[in-house]
Amino acid sequence: MNPFSSGTRLRDMIRAIRACKTAAEERGVVRKECAAIRASISENDPDYRHRNLAKLMFIHMLGYPTHFGQMECLKLIASPGFPEKRIGYLGLMLLLDERQEVLMLVTNSIKQDLNHTNQYIVGLALCALGNICSAEMARDLAPEIERLLQFRDPNIRKKAALCSIRIIKKVPDLAENFVNPVAALLKEKHHGVLITGVQLCADLCKVSAEALEYFRKTCTDGLVKVLKDVANSPYAPEYDISGISDPFLHIRLLKVLRVLGQGDADASDSMNDILAQVATKTESNKNAGNAILYECVETIMNIEDNGGLRVLAINILGRFLSNRDNNIRYVALNMLMRAIAVDSKAVQRHRATILECVKDSDPSIRKRALDLVCLLVNETNVKPLTKELTEHLEVSDPEFKGDLTAKICSIVEKFSHEKIWYIDQMLKVLSEAGNYVKDEVWHALIVVITNASDLHGYAVRSLYRAVQKARDQETLFRVAVWCIGEYGEMLVNNFGRLDIEEPTTVTESDAVDVLETSIKIHSCDLTSQAMCLIALLKLSSRFPACSQRINNIIGQYKGSFVLELQQRATEFNSIIERHQNMRSSLAERMPVLDEATFSGRRAGSVPAAVSTSQGVSVNLPNGSAKLSTAHVADLLDLSLDDAPAPSSSGGEFLQDLLGVNLMPVSLQPGHIYCVLYESFRMLFLNYNSDPHIFSFSPYYWYLLTNANQAQKRGSDVLLDLLSIGTPPAQSSPSTPQVLSSNTDNRSPLDILDRLSTPSAPSAQVSSTGGNSSMLDLLNGLPSSPPTSEGNGPAHSSVTAFESSSLRLTFNISKQPGNPQMTLIDGSFTNKSQDVFTDFIFQAAVPKFLQLQLDPASGNSLPANGNGSITQKLRITNSQHGKKSLVMRIRISYKVNNKDVLEEGQVSNFPRDL
Amino acid sequence: MIHFVLLISRQGKVRLTKWYSPYSQKERTKVIRELSGMILTRGPKLCNFVEWRGYKVVYKRYASLYFCMCIDQEDNELEVLEIIHHFVEILDRYFGSVCELDLIFNFHKAYYILDELVIAGELQESSKKTVARLIAAQDSLVEAAKEEASSLSNIIAQATK
């Protein structure tokens, strides 16, 4: 009985798999086959090994796991017959790759086969080694390969040459061993050996400078001659491809000449003639000829300069570019990219053709052409090029618009010497493809507009017109809304109208119309709607006549199911109705946004604040998760570290803290708002790059400006304030949105609480209801104004932090002669029944302070106040006399193996420290 | 250098894969899925190159099969098209006007031919005749071994009758 005919044959298995109608059926067949193969493997039957592996390879190709067959490959390779070895090596190459450790087991078999008397078996081993050898195998087997480079049969020599390429790529140190044998290969006549030898020579030159030097000296002339011979050889049917003798050899020779000629004038000189011949004589009506010309052009561009040849090369590219074959045009664009460094003028001549390619129907060509156009842009041609590209935006495929807009924006940004031109171009882009631009792009546009103070009116009017035409472009709309909010009055009174502008008459109610209709159209996008509400608030102060109408529009969103909108609507509604006196200062114009910080931020520089942000996630469809209590508290803590410092310098210290140069300081509520606004923007923008967060801030700045004023004005404002926050919570406590808004409303209380009574544990407030927290707050506020304790002597003791379980006392002293330095002895007392272990105290101070923390006296704190941990702190105040100390602290410890974290702010330091 | 060779049918079935750079099994599946999505959807008149993850994939369609080769940015795309054609011509000569079914049922032979054409991602032989001769010589070695085995088993069968 024939052992090759029993069981299911390979052919039958393939048939069975092909007959399957569903994927599940196919899986079933494969599973059954795999089970049979496994059984056969475990029986260790050598007769079926061959067939099993063939089947496994097919199964592997279908994407099923076949690792259990790996050892079978090794067994087949180790068996003596050629058929077994052939399939074994094939399996090895298919089922394994160089990273599998099994491969190490095969090294010895390969070594034996490399020394086999049958040259076909040597060939199999070389092929496997060339395709999957690892660095270790390369080291072990390199001597064998070196020897085989001189084997009598040319077919083995060529395989050995390619194997050597793999070896020197894996272990470049081995390169020098191959230099001499390769020099011999380059003199051969057999095309296979020449092709592989030349390739190996080029690769050796890449990994070893010495090899390059050697080949350049000894082989350049020989290689030039080989190329001459091939180029001039008579018709040889064996190597002929569409009338050219062995284009593969041509190409490889041109490649190696490029390597040898690069950076060496003599070598370059010696190949000029043959390159000129190849460039002029090669037929260019077939792909093979063009492939050679393409390679030849690249070689000419890379070797040392020869003016005549370069002209020839550029002309070839010009011909390629006007070719009707897409492949040829593609490679022409590709080559022009590289040629631009050599001869940009020559490439510029083809600008019109390249620009046509941007409009091609083939995405590969479009992409190449677009990249090339971006390289071609310079001061003189930027305007026409941008015009062309933006015009093309109208008709281009949607999937190409993303790339195209990104490129246009980067060009416009790079060459924007005139802001008006920049604004115009960006408006065009946004009107055409506003839905495809990235957030950075429209953020940048806003920054530029705020900085161009003479163009505010122009920008807002252009945007107004643009948004009338292209209302569906989301980003255009956002920029327009932002500008209408900021510069709405310029829209109406045509302030700063430029001569080029066509006169428009926009009434106040027209401006409001835009927002009103849009906020409804854009009902899907929360960000745009939120921005609309802010803009409306601002307009209500700019256009007092429309105030009532705006209030009505805003009022409609008080019932919005989106928390963010509901909250804003409610707040703004209150501002418009009940706080006329404050409204205008609240709705003041944004300060000029700093371009440097903005671009710096985009470039990825992140201010120190990052570390404290805990997963700021703002881009939610529903705003409810956005501002958790803790989060806002955190945030405000951060930006208001020294809020209780003397309020006259409020603007300054915040700037200081944020490290941003904002504006000339003169303290008005609006400006504090701006500062906070900026701080929020920084915080959020950095993580989200989404300046719609801008608009979150009014709520908080509102609270905060009032908080700041509270010291001056007393608590009536605060009462007012609270009445804004609480009613919606009480009026309709049934819907979940409103409930969560209730918790949200507590956050400002929490903030205020922290501001005014830093020693109170925040948990207490956030766990109580709205009303009680209000009381809490009001109780807290007068009792501990931070300044009241500050009249003590220079040596004093304060309770810096107290919670239900822990008290921290600071004993403060001054070093004589060094007024800036404050010494603090911190002492921790445990008020609870349990011992605290792993006790760690951390502190942070604003920029103007320097803190040194000595090691603590211990890390475990006995219960019931029976002992304490002490720790020394040294603070240097660089603004001594102007600002007082302030500190954020964090204490972590374990109670009964549970981690506890307490945080707080210490701002009750005596003044003048 | 050629990083990998793929043969994909118009239906997206894989007919041959050869990897010259290390890709894990997972990556291989992903690569195949990604590329078949990109290549099979391209129109007939477009150029034969797609840019992919910083590499270029050169593909050409023959009847129902797409031959794809992934190469480096700086490699010669036009030459790779010639290599693909070279490979197809050798297959065609070997099978006698090759069709997809030949490559399905004799997939291992397609691999043997590819191994005579490309090693380590570099072209090995520019003569179709030489490749055909080498393959034929190895096939006859296999045939000889088979015959020997079957005659051996006949002898054993006769002896144990």
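Reminder, nothing fancy here: chain letters follow the sequence lines and each chain counts from 1.
No salt bridge links A:Asp362 with B:Lys45; every basic N to acidic carboxylate O contact stays at or beyond 4.0 Å. With respect to A:Lys255 and B:Glu74, no salt bridge is recorded, no charged nitrogen being found less than 4.0 Å from a carboxylate O.
For chain A, the nearby parts of B:Asp139 are the backbone and the side chain; heavy atoms of each come within less than 4.5 Å. If you measure heavy-atom distances from B:Leu101 to chain A, the contacts under 4.5 Å come from the side chain alone. With a 4.5 angstrom heavy-atom cutoff, B:His85 does not touch chain A via any of its atoms. For B:Ser126, the parts sitting under 4.5 Å from any heavy atom of chain A are the backbone and the side chain alike. Heavy atoms closer than 4.5 Å to chain A are found in the side chain of B:Gln25, but not in its backbone. Using a 4.5 Å cut-off between heavy atoms, B:Arg15 contacts chain A through both its backbone and its side chain. Contacts of B:Arg33 with chain A are absent, with no heavy-atom separation under 4.5 Å from either backbone or side chain. Neither the backbone nor the side chain of B:Glu89 has a heavy atom closer than 4.5 Å to any heavy atom of chain A. B:Leu152 does not touch chain A: none of its heavy atoms, backbone or side chain, sits under 4.5 Å away. Using a 4.5 Å cut-off between heavy atoms, B:Ile32 does not touch chain A at all.
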- request: Mind running side-chain hydrogen bond (donor to acceptor under 3.5 Å, both in side chains) on B:Asn76 and A:Glu298 for me, showing each step along the way?
  value: CA-CA 10 Å; B:Asn76 187 331; A:Glu298 170 132 42; over 6 Å; no

field: A:Tyr294 vs B:Glu77, side-chain hydrogen bond (donor to acceptor under 3.5 Å, both in side chains): CA-CA, chis, key distance, verdict
entry: CA-CA 9 Å; A:Tyr294 179 40; B:Glu77 302 92 338; 2.9 Å; yes

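Although no hydrogens or angles enter the test, the distance criterion places a donor-acceptor pair under 3.5 Å between the side chain of A:Arg166 and the main chain of B:Tyr20. Side-chain N or O atoms of A:Asn327 include none that pairs as donor or acceptor with a backbone N or O of B:Phe49 at under 3.5 Å.
Top candidate by heavy-atom pairs under 4.5 Å with chain B, chosen from A:Ile365, A:Leu62, A:Asn334, is A:Asn334.
Residue B:Glu51 comes nearest to A:Ser364 through the heavy atom pair OE2-O, 4.4 Å, listed as atom of the first residue, atom of the second, then distance.
Atom CG in A:Asn131 sits 6.0 Å away from atom CG in B:Asp115 (nearest 0.5 Å).
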